[in-house]
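Taking it in order: structure first as structure tokens, then the write-up.
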Amino acid sequence: MLSHVEVTARVTVSPAAHFVWSNRVEYSHDCFVCRRVGRTVALQHGATQGVCHSSRRQLEWQDDLDDAGMHPAPIRITGFDTASDGGVETLRYRLSFWWSPFADLKRPGERGSELGDKPWVRVYYRVGCHTCRDSGVDDWVGEQKSLQSNMVWPVTSSCARCGTELVTMSGPPEINLVG
Ligand SMILES: [Zn+2]
Ligand SMILES: [Zn+2]
């Protein structure tokens, strides 16, 4: 069957922040293709399939990919919305996937479900610092950063160069099964 999950993340940004959500996400998933619970799928908006692997880390090297039993998975981003309102930046993903019940191949007592017991997600963003821009720093748009469900909340992110507070997130992203 075709199932859908909605992920919503909200951050508060300071006036000094130039904030942009990324269009990629990693998500915990019980994968009926490899019949394992608690896998990780890496998704990018526009891609027609996800990539399932066993690691909670971001995979970067071919060795990691081989070790992690990576395979294409029938899950993709079918909705991607961002909104800005009074210093609050909201991100909403709809993830759609094919799914059917299964027992875990290596832990037969565990059953896969549409939404696991402790679902988690990692979302990505980029934030630049206007304080640095105004003082003439060339690369004031920072590198990509991420927020994930298992962080200690609230999370505050400041400019690595000048220490200006840029982003605050009060709690983990919401993850809900939707009809
Ligand atoms: Zn899989
Ligand atoms: Zn700065």
Side-chain angles (χ1 to χ4, degrees), residues 1-11 19-83 89-126 143-155 157 167 169-179:
M1 59 190 154
L2 187 61
S3 300
H4 310 278
V5 162
E6 203 164 79
V7 174
T8 307
R10 268 182 211 91
V11 297
F19 185 90
V20 185
W21 291 109
S22 164
N23 67 351
R24 51 185 286 247
V25 61
E26 277 143 37
Y27 170 66
S28 61
H29 187 51
D30 292 354
C31 175
F32 87 102
V33 175
C34 63
R35 297 189 176 264
R36 298 303 315 277
V37 304
R39 298 280 287 183
T40 297
V41 285
L43 304 165
Q44 186 150 19
H45 187 225
T48 54
Q49 62 193 19
V51 174
C52 170
H53 61 81
S54 65
S55 176
R56 283 193 164 215
R57 288 174 300 131
Q58 187 181 335
L59 297 182
E60 308 217 13
W61 308 103
Q62 196 56 47
D63 289 349
D64 290 343
L65 301 181
D66 293 343
D67 289 348
M70 182 189 78
H71 69 84
I75 176 168
R76 66 194 186 98
I77 297 171
T78 51
F80 173 65
D81 291 302
T82 61
E89 301 282 343
T90 304
L91 168 70
R92 191 166 285 121
Y93 280 120
R94 187 180 177 92
L95 312 180
S96 300
F97 52 95
W98 289 104
W99 189 85
S100 68
F102 65 92
D104 189 281
L105 271 186
K106 295 190 180 164
R107 287 174 286 175
E110 292 192 36
R111 311 271 320 163
S113 52
E114 286 175 278
L115 186 62
D117 285 344
K118 289 178 185 157
W120 62 267
V121 70
R122 182 186 295 127
V123 296
Y124 292 86
Y125 65 95
R126 200 174 281 273
E143 58 192 32
Q144 185 165 256
K145 298 182 174 196
S146 66
L147 291 161
Q148 63 192 73
S149 300
N150 64 355
M151 295 172 107
V152 178
W153 307 96
V155 170
S157 177
V167 178
M169 192 176 188
S170 59
E174 295 163 29
I175 304 172
N176 295 300
L177 201 59
V178 293

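Residue indices begin at 1 and follow the sequence shown. Fair warning: this is a prediction, and the values are worked out from it, not measured in the lab.
- The backbone N or O of Val121 lies less than 3.5 Å from a partner atom in the side chain of Ser149, making a donor-acceptor pair.
- Atom SG of Cys31 sits about 6.5 Å away from atom CZ of Phe102, to the nearest 0.5 Å.
- Ring geometry, Tyr125 versus Phe19: the interplanar angle falls under 30°, so the pair is classed parallel (tilted spans 30 to 60°).
- Within the 3.5 Å criterion, the main-chain N or O of Glu110 finds no donor-acceptor partner in the side chain of Asp104.
- Judged purely by atom type and a 3.5 angstrom limit, Trp120 has no side-chain atom pairing as donor or acceptor with the backbone of Lys118.
- Atoms CD and CZ, on Gln44 and Phe80 in that order, are 10.0 Å from each other to the nearest 0.5 Å.
- Across all non-hydrogen atoms, the minimal contact from Tyr93 to Asn23 is OH-C, 3.3 Å.
- Nearest heavy atoms, Tyr124 versus Gln144: CD2-NE2, 3.8 Å.
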May I have the list of side-chain donor-acceptor pairs in residues 68-78 shorter than 3.5 Å, sequence neighbours left out?
from	atom 1	to	atom 2	distance (Å)
Thr78	OG1	Arg94	O	3.4
Thr78	OG1	Ser96	OG	2.6

Candidate pair Ser54 and Arg36, rule side-chain contact (heavy atoms from CB on, under 4.5 Å), full reasoning: CA-CA 9 Å; Ser54 65; Arg36 298 303 315 277; over 6 Å; no
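- Between Glu26 and Gln148, the closest side-chain pair of non-hydrogen atoms is not below 4.5 Å.
- Under the 3.5 Å distance criterion, the side-chain polar atoms of Asp81 are left unmatched by any main-chain donor or acceptor of Arg92.
- With rounding to the nearest 0.5 Å, the separation of CE in Met169 from OG in Ser157 is 12.0 Å.
- Residue Met151 holds its CE atom at 6.0 Å from CH2 of Trp153, rounded to the nearest 0.5 Å.
- Val7 approaches Pro173 most closely through the heavy-atom pair CG1-CB, 4.3 Å.
- No side-chain heavy atom of Arg126 sits under 4.5 Å from any side-chain heavy atom of Ser22.
- The minimum heavy-atom distance linking Val123 with Ala9 is given by the pair CG2-CB, 4.4 Å.
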Evaluation steps, side-chain contact (heavy atoms from CB on, under 4.5 Å), between Lys106 and Arg35: CA-CA 9 Å; Lys106 295 190 180 164; Arg35 297 189 176 264; over 6 Å; no
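- Interatomic distance, CZ of Arg10 versus CD of Glu174, reported as 5.0 Å (0.5 Å rounding).
- The closest side-chain heavy-atom distance from Val41 to Leu95 is not below 4.5 Å.
- The CD1 atom of Ile175 sits 12.0 Å away from the CD atom of Glu6 when rounded to the nearest 0.5 Å.
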